[in-house]
Amino acid sequence: MIPAEFDYDVAESGDHALQLLEQHGDEAKLLAGGHSLLPLMKLRLATPSMLIDIGRLNDMSYVRDDGDALAIGALTRHEDVEGSDVLEQHCAIVAHTAGEIGDLQVRHFGTIGGSLAHGDPASDLPTVMLALDAQMVLRSSSGERTVGANEFFTGLFETALGPTELLTEIRVPKLTGGWSYQKFHHRAQDWAIVGVAAVQSNGGASVALTNMGEVPLRASGVEQALTSGSDAATAAQEAAQNTSPPSDPFGSADYRRDLARVLTRRALQEAMGR
Ligand SMILES: Cc1cc2nc3c(=O)[nH]c(=O)nc-3n(C[C@H](O)[C@H](O)[C@H](O)COP(=O)(O)OP(=O)(O)OC[C@H]3O[C@@H](n4cnc5c(N)ncnc54)[C@H](O)[C@@H]3O)c2cc1C
């Protein structure tokens, strides 16, 4: 398939990208790794008349130890997230999950910011960010704001990003407890049919689900059961509460609900055992 006609400009800096966004407004789309946007354009599900290429803004590709938290530049490619020593040491669930995305080519091109901004409920990193209570730093020409992961994902392929905003950085906490990301897929390089992120916290765990609704979901029934003293296997039975998983050729909604319970049990057992 061939995309609809569009103009193209290369942003030379973050400020330049913001200027171009102001200039072109709703008509424009940022292009990072292109591994979600370009397939949509080829199917003509997205028809921006202007592409602003931010893929060369190397100063937005980094992972830094910022004291209490880690800062990840939005243009950090999945491969660099996976290989980050700082993440491996302090928040290894992020590095591990980036290594579970697609295949080598996807990980060479795709960026963490693109994955989050795309707002696909089948993506892996949004779920991990939700379990971690990560903070997204958004910049526009009128200033900067920070949005928690629980408010960032607003609907199917929709986020809190405004049309003239750039996601610049993701801030994740340093972990002191165990973690797990369980991804169930047909082939190694496929999207998750269901995924579960679990991060151990004081007396319980934060648990979030991939592909169980229109946005990544917190499994609050599981979290409450753990806080009330249930063991992992008992708490995991609550995993499908308040979910609305899709049915597709890879699995029915009921199959996904079952998977969510099984994967949550495995995730909790792994997180608690680490
Ligand atoms: C074959 C294949 C398999 C894949 N498998 C998986 C998988 O298993 N798991 C998974 O999670 N993902 C998977 N992906 C998606 C992959 O991770 C994408 O790279 C990622 O979702 C999008 O990142 P990108 O940098 O390519 O973004 P792009 O495609 O360039 O952009 C995506 C969207 O985000 C916007 N955007 C990008 N960067 C910013 C920013 N900094 N600020 C504001 N808006 C921005 C763009 O305007 C666009 O709307 C797969 C993709 C392919 C093609």
Side-chain angles (χ1 to χ4, degrees), residues 3 6 8 11 13-14 17-18 20-21 24-43 45-62 72-82 94 96-130 136-140 144-145 147 152-153 156-170 181 183-195 197 208 210-211 216 250:
F6 58 88
Y8 171 88
S13 65
L18 292 176
L20 290 168
L21 276 177
H24 296 282
D26 274 352
E27 300 295 305
K29 273 273 180 198
L30 296 168
L31 178 72
H35 269 52
S36 290
L37 181 56
L38 296 182
L40 283 187
M41 289 174 63
K42 286 182 180 173
L43 292 168
L45 293 172
T47 52
S49 60
M50 178 71 185
L51 278 192
I52 302 168
D53 191 345
I54 55 171
R56 300 165 207 199
L57 300 182
N58 293 333
D59 58 343
M60 279 174 64
S61 170
Y62 56 83
I72 309 172
L75 280 164
T76 313
R77 309 222 177 243
H78 301 319
E79 187 200 23
D80 296 325
V81 171
E82 180 186 4
V94 178
H96 166 84
T97 305
E100 294 281 298
I101 293 174
D103 53 26
L104 264 183
Q105 182 187 326
V106 173
R107 298 199 291 276
H108 275 137
F109 278 93
T111 63
I112 185 168
S115 178
L116 301 174
H118 189 52
D120 183 344
S123 289
D124 301 295
L125 287 171
T127 306
V128 169
M129 295 305 146
L130 188 63
M136 318 294 174
V137 182
L138 316 187
R139 197 149 78 82
S140 70
E144 196 173 273
R145 66 187 179 118
V147 178
F152 184 76
F153 304 103
L156 191 62
F157 298 104
E158 284 178 9
T159 68
L161 273 162
T164 56
E165 279 184 314
L166 178 67
L167 171 60
T168 56
E169 187 174 276
I170 300 99
Y181 185 67
K183 176 173 180 174
F184 191 84
H185 42 182
H186 267 244
R187 297 170 304 166
Q189 71 272 32
D190 282 342
W191 301 80
I193 296 174
V194 174
T210 305
N211 218 1
F250 292 110

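All residue numbers refer to positions in the sequence shown, counting from 1. Whatever order the structure lists ligands and atoms in, that order sets their numbers, starting from 1.
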Contact with ligand 1 for Asp190, non-hydrogen, under 4.0 angstrom
yes
Who's the nearest protein heavy-atom neighbour of atom 7 (C) of ligand 1, and how far?
Gly102 N, 3.5 Å
Starting from atom 35 (C) of ligand 1, locate the nearest protein heavy atom and write down its residue, its atom name and how far away it is, to 0.1 Å.
Ala117 CB, 3.7 Å
Looking at atom 14 (N) of ligand 1, what's its closest protein heavy atom, distance included?
Trp191 CH2, 3.0 Å
I'd like to know if the side chain of Asn211 reaches the main chain of Ala192, judged simply by a donor and an acceptor atom lying under 3.5 Å from each other, with no hydrogens or angles considered.
yes
At under 4.0 Å between heavy atoms, what of Met60 touches ligand 1? The answer is neither
Using a 4.0 Å cutoff against the non-hydrogen atoms of Leu161, which atoms of ligand 1 qualify?
43 (C), 44 (N)
Who's the nearest protein heavy-atom neighbour of atom 22 (C) of ligand 1, and how far?
Ser36 OG, 3.3 Å
Of the protein's non-hydrogen atoms, which lies at the shortest distance from atom 31 (O) of ligand 1, and what is that distance?
Leu37 CB, 4.0 Å
Among all protein non-hydrogen atoms, which one is nearest to atom 16 (C) of ligand 1, and what is the separation to 0.1 Å?
Val106 CG1, 3.7 Å
is_close_aromatic(His186, Phe250), centroid dist under 6.0 Å
yes
For Tyr181 and Thr210, does a side-chain donor sit closer than 3.5 Å to a side-chain acceptor?
yes
Only heavy atoms of Lys29, strictly under 4.0 Å: list the atoms of ligand 1 that pass.
47 (O), 49 (O)
Do Trp191 and Ser123 come close enough that some side-chain heavy atom pair is under 4.5 Å?
yes
Residues Leu125 and Leu116: closest non-hydrogen pair is C-CD2, 4.0 Å
Looking at side-chain heavy atoms only, is the closest gap between Leu31 and Ile54 below 4.5 Å?
no
Go through ligand 1 atom by atom and flag the ones less than 4.0 Å from a non-hydrogen atom of Lys183.
7 (C), 8 (O), 9 (N)
May I ask you to decide whether Arg145 forms a salt bridge with Glu165, counting only side-chain N to carboxylate O separations under 4.0 Å?
yes
Counting from 1, what ligand 1 atoms have a heavy atom of Ala32 closer than 4.0 Å?
25 (O), 30 (O), 37 (C), 38 (N)
Check each of Leu125, Thr97, Asp124 against atom 11 (O) of ligand 1 and report the one with the nearest heavy atom.
Asp124
